[in-house]
Amino acid sequence: MEYIVNDIVREVKVALDENVSSAALEGIGDEDTLKLEEIIESKLADAARVIEGAAPHHLLDSGRAFGESIGWDGQPGYGSGHIQLPDDFLRLVTFQMSDWDYAVTVAITETDPLYQLQRSRFAGVRGTPQKPVVAIVQEPIGLVLEFYCCYTGDDAYIKRARYIPVPRIRSHKIELCEKLKPAIVYYTAYLAALCMCEGDVASAMLATAKELAEITDNA
């Protein structure tokens with residue numbers, strides 16, 4: 001969902017106002033020092049990226065579509081394939097090929113032991129339409145989604161492919177996951193409080209942000 005940045009800044013200020021003293025604001029500088037609003041705005045996109053990258057899947061929005069074309073690693077429609085991911089890719093929401101029994105919401109990486117099995121010459125240990133596997137890997141061309149596997153030939157197609165983009169401020173607006181907006185507000189307040197050397201306030205804001213986003217220390 002798209003939000004006006006000034007509205008989010010006001011919400012962050014409300015979260016901070018009862019905790020940050022005016023002396024702290026005066027202590028951060030002279031005429032050339034950032035105002036509180038500017039500090040908050042400068043931290044908003046970073047806060048959103050952290051929260052949206054770490055929160056559990058059920059708190060994400062539906063995201064954006066991707067996957068205009070498939071690069072097959074063998075005969076089209078059979079075996080594995082790969083898809084170039086958008087430059088602003090942050091996190092997978094869902095991916096499903098047409099012959100898969102279900103969609104994949106959690107991708108593995110190249111460091112996962114399961115990834116090496118996808119390259120095995122024994123088909124039985126690779127992903128299948130009944131138990132599909134998706135990997136996000138770094139290639140010279142950027143991030144690529146690899147999927148394993150399909151067996152329907154030319155009829156195979158992408159059934160669904162959605163992702164969460166890296167949050168960015170554009171034209172004084174920012175796109176955020178609706179269910180995570182409260183957590184993002186408090187995490188932005190946490191980063192702003194750190195800038196003002198308000199350690200106790202920062203700790204309180206961080207704890208609230210994690211609670212709202214259902215982020216545990218071992219997540």
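Positions are given from 1 along the sequence.
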Keeping to residues at least two apart or across chains, list the salt bridge (Lys or Arg N to Asp or Glu O under 4.0 Å) pairs with something in residues 75-101.
-> Arg64-Asp88

Smallest heavy-atom separation, Ala213 atom then Ile51 atom, equals CB-CG2, 4.0 Å

For Ala189, check side-chain contact (heavy atoms from CB on, under 4.5 Å) against everything at least two apart and list the hits.
-> Val12, Ala15, Leu16, Met205

Hydrophobic side-chain clustering at under 4.5 Å (ILVMFWY, transitive links): who's grouped with Phe147? Put none if nobody.
-> Phe66, Ile70, Trp72, Ile83, Leu85, Phe89, Leu92, Phe95, Met97, Trp100, Val104, Val134, Ile136, Leu143, Leu145, Ile158, Tyr163

Kindly work out whether a path of hydrophobic side-chain contacts (I/L/V/M/F/W/Y, heavy atoms less than 4.5 Å apart) joins Tyr157 to Tyr78.
-> no

Donor-acceptor contact present, side-chain Glu175 to main-chain Tyr3, <3.5 Å = no

State the NZ-CG distance between Lys179 and Leu59, to the nearest 0.5 angstrom.
-> 6.5 Å

Kindly give the heavy-atom pair with the smallest separation between Ala156 and Gly77, and that separation in Å.
-> CB-CA, 4.0 Å

May I ask you to check whether Gln118 and Arg126 show a side-chain donor-acceptor distance below 3.5 Å?
-> no

Should Met1 and Leu44 be regarded as members of a common hydrophobic cluster, given that ILVMFWY residues are connected when their side-chain heavy atoms come within less than 4.5 Å of each other, either directly or indirectly?
-> yes

Pair Ile164-Cys177, side-chain contact (heavy atoms from CB on, under 4.5 Å): steps then yes or no | CA-CA 9 Å; Ile164 296 297; Cys177 293; 3.8 Å; yes

Is a side-chain donor or acceptor of Ser120 paired with a backbone partner of Gln116 at a separation under 3.5 angstrom?
-> no

What heavy-atom pair brings Ala192 and Lys43 nearest, and what distance separates the two atoms?
-> N-CG, 4.5 Å

Quick one: which residue pairs count as a salt bridge (Lys or Arg N to Asp or Glu O under 4.0 Å) with a foot in residues 105-117, not counting sequence neighbours?
-> none

Closest heavy-atom contact between Tyr115 and Thr109?
-> CB-O, 3.4 Å

Is a side-chain donor or acceptor of Glu52 paired with a backbone partner of Arg49 at a separation under 3.5 angstrom?
-> no

Give the cluster check for Leu114 versus Tyr148: same hydrophobic cluster or not, with ILVMFWY residues linked at side-chain heavy-atom distances below 4.5 Å.
-> yes

side-chain contact (heavy atoms from CB on, under 4.5 Å) against His58, all qualifying residues, sequence neighbours excluded = Pro56, Glu214

Does Val133 share a hydrophobic cluster with Val106, counting links as ILVMFWY side-chain heavy atoms below 4.5 Å and allowing steps through other members?
-> no

So, Thr128 side chain and Gln130 main chain: donor-acceptor pair closer than 3.5 Å or not?
-> yes

Does Glu11 come within less than 4.0 Å of Lys181, counting only side-chain N to carboxylate O?
-> yes

Roughly how far apart are Leu60 CG and Thr105 OG1, rounded to 0.5 Å?
-> 9.5 Å

Pairing of Glu146 and Arg119 as salt bridge, 4.0 angstrom limit | yes

Have His82 and Asp73 got a donor and an acceptor in their side chains that come within less than 3.5 Å?
-> yes

Can any side-chain N or O of Thr152 pair as donor or acceptor with the backbone N or O of Asp155 at less than 3.5 Å?
-> no

When every non-hydrogen atom of Ala54 is compared with those of Ile215, the smallest separation belongs to CB-CD1, 3.8 Å

Side chain proximity check, Pro165 to Leu90, heavy atoms < 4.5 angstrom = no

Determine whether Val93 and Asp61 make a side-chain contact, defined as any pair of heavy atoms from C-beta on separated by less than 4.5 Å.
-> no

What residues form a side-chain contact (heavy atoms from CB on, under 4.5 Å) with Glu211, not counting sequence neighbours?
-> none

Yes or no on side-chain contact (heavy atoms from CB on, under 4.5 Å) for Arg168 and Ile174, after CA distance, side-chain angles and deciding distance?
-> CA-CA 6 Å; Arg168 291 191 176 99; Ile174 188 169; over 6 Å; no

Side chains of Leu176 and Leu180: closer than 4.5 Å at any heavy-atom pair?
-> no

